[in-house]
Amino acid sequence: MRVLGVDIGGTFTDLALYDTQAGTTHVHKVPSTPDAPDQAMVAGMGEICARAGVKPAAIDAVFHGTTVATNAVLQHRGAAVGLITTKGFRDVVHIGRHQRPQNYSIMQDIPWQARPFVKRRHRKVVTERIVPPAGEVLEELNEAEVREAARSLAGTGIEAVAICFLFSYLNPLHERRAAEIVREEMPGAFVTASADIFPQFREFERFTTACMNAFVGPGTDRYLEQLAASLREEGVPGELHVMMSSGGVATASAAAEKPVTLLLSGPAAGILGGVWAGELSGRARLITFDMGGTSADIGIVTERGVGEASARDTWVAGYPLLVPMLDVHTIGAGGGSIAHVDGAGGFRVGPRSAGARPGPACYGYGGEEPTITDANAVLGRIDPDRFLGGEIPLDPERASAAVQALADVVGLGLHETAEGIITIANASMARAIRSRTIEKGHDPRDFTLVAFGGAGPLHAAEVATSLGVPEVLVPPYPGITSATGLLTSDLKYDQLRTVFMIEGRIDAARLDRELSELASLVEDQLLQDGIPDGEITVVAALDCRYVGQGYELRVPLPECRFTDGALAEFHLLHEQEYGHAMGDPIEIVNLRVTATGKRPKLGPPCVRAGSLADALLGEGESVFRQGGSLTRLPTQYLERARLPLEEAVPGPAVIFQRDATALVPPDWSALADPSGNLLLERRAP
């Protein structure tokens, strides 16, 4: 069986082709085509198949990480959306709640007010009312008003409609009937019912999630259809699967129905790839550091596995969402991030990026502004002749000219400015890691930093130094780790239901019954996808809180049924998270069920021992700060594939491979692990 993983980023498209029978892996990297992402994917697929000596028709399955939905939100380029909601609740999506993306800023734009997914004139109200606690119908849905609202929206060019009714999480009857009517009146529209995304309480977040789903739906649907058609034209027989924000993959058809679940598609795959690499070397506590061309993504992995974002942390581009997501923190710091002087005269790096086109100045594609990649070239940390295996020769003179132009503005020398760009970028990334570790009770010194992405291994050692992290792990294929992560994932579906039960009045029989119903729903989805019953695993959890609290903690249910031990577990989790537990009654808010369908996984790489003499490509000079001043130091240039195993190589050194370059600073050493990883360690002073 041959499986292909493809992650399309803002600068490069990464591909990994794995043969499960032969155990062989081929990797490839091509420039992205932002205006038509499928073009780079299809072209790269043809090239990687040629390298592997197979035809595209030999590929049994394609697994894809996409940024289409993410870019639509970030750039606010989505469909024209209409909203049909309960009378009296037209402005829920505008008012929001007191929580803001930046709680202490008085100068911020509130995203849902400054850039709403639905303009106020496109929000329609209808008569209906469902009430708690059991979801009884207090007032029947006025179907005539729904038809009138749909016809009104159809006349204004609306492409997608979100149906969001009060308390639909308790009873979706009215929302689903309204959706049927809208589809009758607007047959070409993309229609979303909030209860069909995730039927969870908190109206503002549920409404926003449904509106975002409608906003990105038509574009994502067209993209996935075009991509599937392109794969069919190339003769690929296998079905297309897409990575979701939760770290599982779904069929393209299932993903197209809930495109809001794809917003962290690529970053989620990167975390899974980092976990795979950590397991190869027996490391369980990981900080995944994915630095690509446009951004850097941070994830935390402990002995309990990959963390999932809690309700208070599930934000994308400033919008709160109610969908399962891995806990990923993204900042605008990538190889293409542009260094500049802001309006106040400050020296800044990012978040604006040169992207794939025109790209960094040293690419020679027309870029003239200095980027992080240009700064690395000026400092001698990238070999112009070996970038991407020599397929994209870099122009160091263009890099120097771009950085010098900034140097003239800030009043520094060429190398001081280049080193300043790197220092600012590293400080931003270290600050992001602190926010996910120290600020959440984790000591970064107890973790291994897993560095990947095209630029991650270049910056990882210096970022680790500022955090006190003693070890950096560079995966076997660092530049395409998100693509390899796609090949370590399983098919995965989630279901949720809000129940609201307080300790002392818990109906255990009802909880078990509803858990069983949810389990049947997700199991059936996997069976429809062709997963054998014996390869399906179902896990459950409760969202719990003390009565009066505003947010919940997730308590696992190992046997997929309620036990009193779950309440005791909540006290322990609360103490771990907040440093204390209370004696207040516990409230069960939501039930969660996840079904996973096992599939073949990427195997360990084939590792061959070399010698230092074979690995040495030559020597050059790189610039580092030592003793408060910049110094040119002799630097070894090494080929990673020929390094000796378990032999420490002292820095400074630059280690090359086709998909990424790793930097070993003067006070660090590198060691090729028999598992295929490259381990960087801080040397004793």
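All heavy atoms count here, side chains included; hydrogens, waters and symmetry mates do not.
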For a side chain to side chain contact (heavy atoms under 4.5 Å, CB included) check, start with the C-alpha distance between Ser245 and Val323, then their side-chain angles and the critical distance, and finish with the verdict. CA-CA 8 Å; Ser245 304; Val323 293; 5.6 Å; no
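- Listed by first then second residue, pairs satisfying salt bridge (Lys or Arg N to Asp or Glu O under 4.0 Å) with a partner in residues 15-38 read Arg2-Asp19, Asp14-Lys29, not counting sequence neighbours.
- For Arg51, the salt bridge (charged side-chain N to carboxylate O under 4.0 Å, His left out) criterion is met by Glu391, not counting sequence neighbours.
- Note on Arg592 versus Asp543: salt bridge recorded, some NZ/NE/NH1/NH2 to OD/OE distance being below 4.0 Å.
- Between the side chains of Arg285 and Thr302, no donor N or O sits under 3.5 Å from an acceptor N or O.
- For the residue pair Gln226/Ser230, the side-chain donor-acceptor check at 3.5 Å is satisfied.
- For NZ of Lys55, the number of neighbouring non-hydrogen atoms (other residues, nucleotides, ligands) closer than 6.0 Å is 12 at most.
- Side-chain contact of Ser489 with Arg599: a donor-acceptor pair under 3.5 Å is present, judged by distance alone.
- Side-chain polar atoms of Glu175 and Ser168 form a donor-acceptor pair below 3.5 angstrom.
- Classification of Lys598 and Asp490 as a salt-bridged pair holds, one side-chain N sitting under 4.0 Å from a carboxylate O.
- Shown here are the salt bridge (charged side-chain N to carboxylate O under 4.0 Å, His left out) partners of Glu239, two or more places apart in sequence or in another chain: there are none.
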Run the salt bridge (Lys or Arg N to Asp or Glu O under 4.0 Å) check on Glu552 and Arg202 step by step: do they pass? CA-CA 12 Å; Glu552 304 79 48; Arg202 293 192 175 100; 2.8 Å; yes
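- Here Arg283 pairs with Glu471 under the salt bridge (charged side-chain N to carboxylate O under 4.0 Å, His left out) rule; sequence neighbours left out.
- A salt bridge links Glu180 and Arg177; the closest N-O separation between the charged side-chain nitrogens and carboxylate oxygens is under 4.0 Å.
- Residue pairs that meet the salt bridge (Lys or Arg N to Asp or Glu O under 4.0 Å) test with at least one member in residues 516-535, sequence neighbours left out, are Arg497-Glu517.
- Between the CG atom in Leu153 and the CE atom in Met186 there is a gap of 5.5 Å [rounded to 0.5 Å].
- For residues 218-240, the pairs satisfying ring-ring contact (aromatic ring centres under 6.0 Å, His included) are His64-Tyr223, with sequence neighbours left out.
- Using a 3.5 Å distance cut-off with no hydrogens or angles, the side chains of Thr596 and Thr537 do not pair a donor with an acceptor.
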